[in-house]
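Reviewing the structure listed below.
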Amino acid sequence: MTDRIEAAAAELRPLLQEFILWARENAPGSDSNLVGSVALWHRLIASDDVGRWRTSDLRTVLLERMPKVVEDPEAAAEGLVPAVRAYLAYLSDTARLSAGSSPLKEMLAELDEIEDDVVDAMEELLSEDGEDAEEYDEEEFEGLGDFEPFADRLAALPTIRLRPDAELAAAARRSVLIAKARDLAVWVGTERRVGEEDLLTDAEIAEALAVLGFPVPEAVEGRLADAVPALWNVWNLAIDLDFLQPEGEDTVSVDPDTADWPFEEDDDVLDAWLAGLHSIDYGDPELDDEDATIALSGLTRALLVRVLLATGSKSLDDLRPELAEAAAEYDDLGAEAWDAATAQYGDPLNPVLDWLSGYGMVEVEHDQVRLTPLGMEGLVHLVDEADIELDARPAIDAMTALDLLAFSAELPEEEADAEFAAWMELREPARAAEELLAAAAEDDADALVRVQAASVVGSLGEVAVPAWRRALDEPSLHPYAATHLAQLGVEDVPAPTQADTHWLILDMLTISAGLGRPEFVSSLDDIGPTSMLVGLLDVIWKVPHPHLEELLETISKAHPDRQVGKAAKRALFKARSGDN
């Protein structure tokens, strides 16, 4: 964002945070994202005073500006006007409507008057999107950093292997930017007052810059707050990370746990890092001209997706012209903005790479930009958020047995076999058997994992006998263990019982039920003729299987033979009543 936009956003942030707290009780359905966008553009184009609203501002902001900047027209069509109603009510209830504002009653009446026009404008955007979707080129998508134009190429990428959490957390702990956000939040302390005109006073800004190791700008014209965008980027990151939180009216405080960063638990570290992931947008160049800044918005994401498509590494010599061309194609001011960023930064990619490096996502060496494992993890999350297909899996050497079983369940048989083979190569067969069966025992309701594990371990032969012996003590695995031990001719172990066989049948029916009605009925028919199926239902209700009642109810509704349906209902009644 430009300095002006950044300053306006910083000015509004405490107010909007207070609104969120107010809305939880007074307007729980309000969309704070929509309110934030409306309040920002009201501040930029309608009034220097964030609390002064006039009736005419509503048409200016909602009908002239919002259709040009809204990111989700569908959400806006449904929630924009209600969100503004709630926001105006909040300003009025908390005495934040400044002198010179129109009466609340008149503004609410104006919202009623223009609501249909707002909805029509948003629906027109949706209609245009639908009509032109097949003809969209890269520049016609949401922005320079939109991933959608690359969806097909992303889906065609080779499998991406993600590193284990411990490795990623160790890298996240080294993030320079998160450390700066911590230091800034600790400096803020508890109950620091923030004003409506400036987030901090000039003296406070100078102190904050010193804490971060940033220089104080020289010969500033106007407010110092408008000349330190780098400070506000770190401030915003601290809020994204929950290091800074609103603490009552016009007050912000450091979260009590912030000083403990880097946290001890890997899960806590990664949760924090992911919470700040969208801060990558703060790496976009910030120029003196607002429109030029907007023309390059999304440049950080645009770089990331191109490096990913180059399988994780790409030279700056290739990236610069490609991104310059994309900026020019996306926006009429793109080429001019690129030149302005070159003049200001030496290279438009300098702020992009500085932020991404500081957040631990890329490394630059010998003019080559490389995604780090942490960067690959974050980019996979961003692509997933965009609902774009990407084949990403844990690295084989980092994959637990449960990971393996869960991922393989979603793969074609040939790919699943390859995953198992690669995983098994890293382990002694006996150890692999132990790990797979232990994973299968973690959730007795997961029949598919159990069947997969038993199948793989069963292929290992006699080396798996010790693991099978131990599995006899697990109720959900006992039927498989008894069956495989019997097939291996192992003596001094219990022979499979009828209850064991029934458990195996129930596991297979559970899996087939998840495939749809035709497959489920077909699996029932595979058991045998109607008389055999009815006989099975008369006794199988006694098996303490986690999906028993669900399966019996499904059989009673799905099977076309009325005799089978009645038998299933009788069995379901007995199972629920605990009849013996």
Side-chain angles (χ1 to χ4, degrees), residues 1-9 37-38 40-46 59-73 76 118 120-151 153 226 229 233 280-307 309 316-353 355 386:
M1 295 187 294
T2 62
D3 293 349
R4 181 166 171 252
I5 296 176
E6 186 64 52
S37 183
V38 169
L40 176 62
W41 285 105
H42 165 262
R43 169 65 180 80
L44 292 171
I45 67 174
R59 288 182 178 271
T60 300
V61 176
L62 299 185
L63 290 176
E64 295 179 16
R65 175 57 60 172
M66 293 308 294
K68 298 178 181 178
V69 299
V70 69
E71 295 183 356
D72 187 345
V118 173
D120 289 345
M122 298 304 161
E123 290 182 346
E124 184 176 346
L125 291 177
L126 290 170
S127 176
E128 291 174 357
D129 288 345
E131 292 174 1
D132 299 336
E134 294 183 1
E135 301 176 5
Y136 275 4
D137 293 322
E138 180 177 335
E139 70 274 16
E140 295 174 299
F141 281 84
E142 182 178 332
L144 181 61
D146 188 8
F147 295 159
E148 185 62 33
F150 305 98
R153 293 171 62 189
D226 295 337
N233 285 338
I280 60 170
D281 296 325
Y282 305 154
D284 293 345
E286 302 182 50
L287 306 173
D288 295 333
D289 181 77
E290 176 185 323
D291 292 332
T293 294
I294 293 173
L296 293 184
S297 63
L299 182 60
T300 307
R301 292 172 182 257
L303 178 143
L304 283 172
V305 73
R306 284 165 173 80
V307 176
L309 288 170
L316 282 169
D317 288 341
D318 290 334
L319 283 166
R320 284 192 196 94
E322 187 174 340
L323 289 168
E325 181 181 355
E329 290 177 353
Y330 166 66
D331 194 289
D332 292 340
L333 292 177
E336 182 179 332
W338 188 270
D339 291 341
T342 301
Q344 182 169 327
Y345 294 100
D347 182 343
L349 300 185
N350 281 343
V352 170
L353 296 172
W355 191 274

For this session: Without swapping roles, check the side chain of Ser297 against the backbone of Thr293 for a donor-acceptor pair under 3.5 Å.
Result: no
Seminar exercise, completed: Correct closest heavy-atom pair for Leu316 and Pro321 would be O-CD, 4.3 Å
Exercise. So do Asp339 and Glu336 actually touch side chain to side chain, heavy atoms under 4.5 Å?
Worked result: no
Problem set entry | Nearest atoms (heavy-atom pairs only) where Arg301 meets Phe147 | O-CE2, 3.7 Å
For this session: Provide the closest heavy-atom pair for Pro285 versus Pro348 in the form atom of the first, atom of the second, distance.
Result: CG-O, 3.5 Å
Exercise. In Å, rounded to the nearest 0.5 Å, how long is the span from CG of Leu309 to CG of Leu304?
Worked result: 11.0 Å
Exercise. Which value, rounded to the nearest 0.5 Å, describes the distance between Ser37 atom OG and Arg65 atom CZ?
Worked result: 10.0 Å
Exercise. Is the closest side-chain heavy-atom distance between Leu299 and Leu349 below 4.5 Å?
Worked result: yes
Exercise. Which distance, rounded to the nearest 0.5 Å, do you find between the CD of Glu64 and the CH2 of Trp41?
Worked result: 13.0 Å
Exercise. Does Val70 reach the side chain of Leu125, with side-chain heavy atoms less than 4.5 Å apart?
Worked result: yes
Exercise. Between Leu319 and Leu303, is a side-chain contact (heavy atoms from CB on, under 4.5 Å) present by the stated rule, with each step listed?
Worked result: CA-CA 7 Å; Leu319 283 166; Leu303 178 143; 4.2 Å; yes
For this session: Specify the closest pair of heavy atoms between Ala324 and Trp338, including all atoms of both residues, with the distance to one decimal.
Result: CB-CE2, 3.5 Å
Exercise. Under a 4.5 Å cut-off applied to non-hydrogen side-chain atoms, are Trp355 and Asp284 in contact?
Worked result: no
Problem set entry | Side chains of Met66 and Met122 in contact at under 4.5 Å (non-hydrogen atoms) | yes
Exercise. Heavy-atom distance under 4.5 Å between the side chains of Asp146 and Val305, does that happen here?
Worked result: no
For this session: Answer whether the closest heavy-atom distance between the side chains of Tyr345 and Leu287 falls below 4.5 Å.
Result: yes
Seminar exercise, completed: Distance col, row Ile45:CD1 vs Thr60:OG1, nearest 0.5 angstrom, shows 6.5 Å
Problem set entry | Atom of Pro67, atom of Leu62 and distance for their closest heavy-atom approach | CD-O, 3.3 Å
Exercise. Taking the side chain as C-beta and beyond, is there a heavy-atom pair between Val352 and Leu323 under 4.5 Å?
Worked result: no
For this session: Would you please test Asn233 and Glu286 for side-chain contact (heavy atoms from CB on, under 4.5 Å) and show each step?
Result: CA-CA 11 Å; Asn233 285 338; Glu286 302 182 50; 2.8 Å; yes
Exercise. Say you draw a straight line from CG of Asp289 to CG of Leu333; how long is it, rounded to the nearest 0.5 Å?
Worked result: 7.0 Å
Exercise. Excluding sequence neighbours, so at least two apart, what forms salt bridge (Lys or Arg N to Asp or Glu O under 4.0 Å) with Glu322?
Worked result: Arg306, Lys314
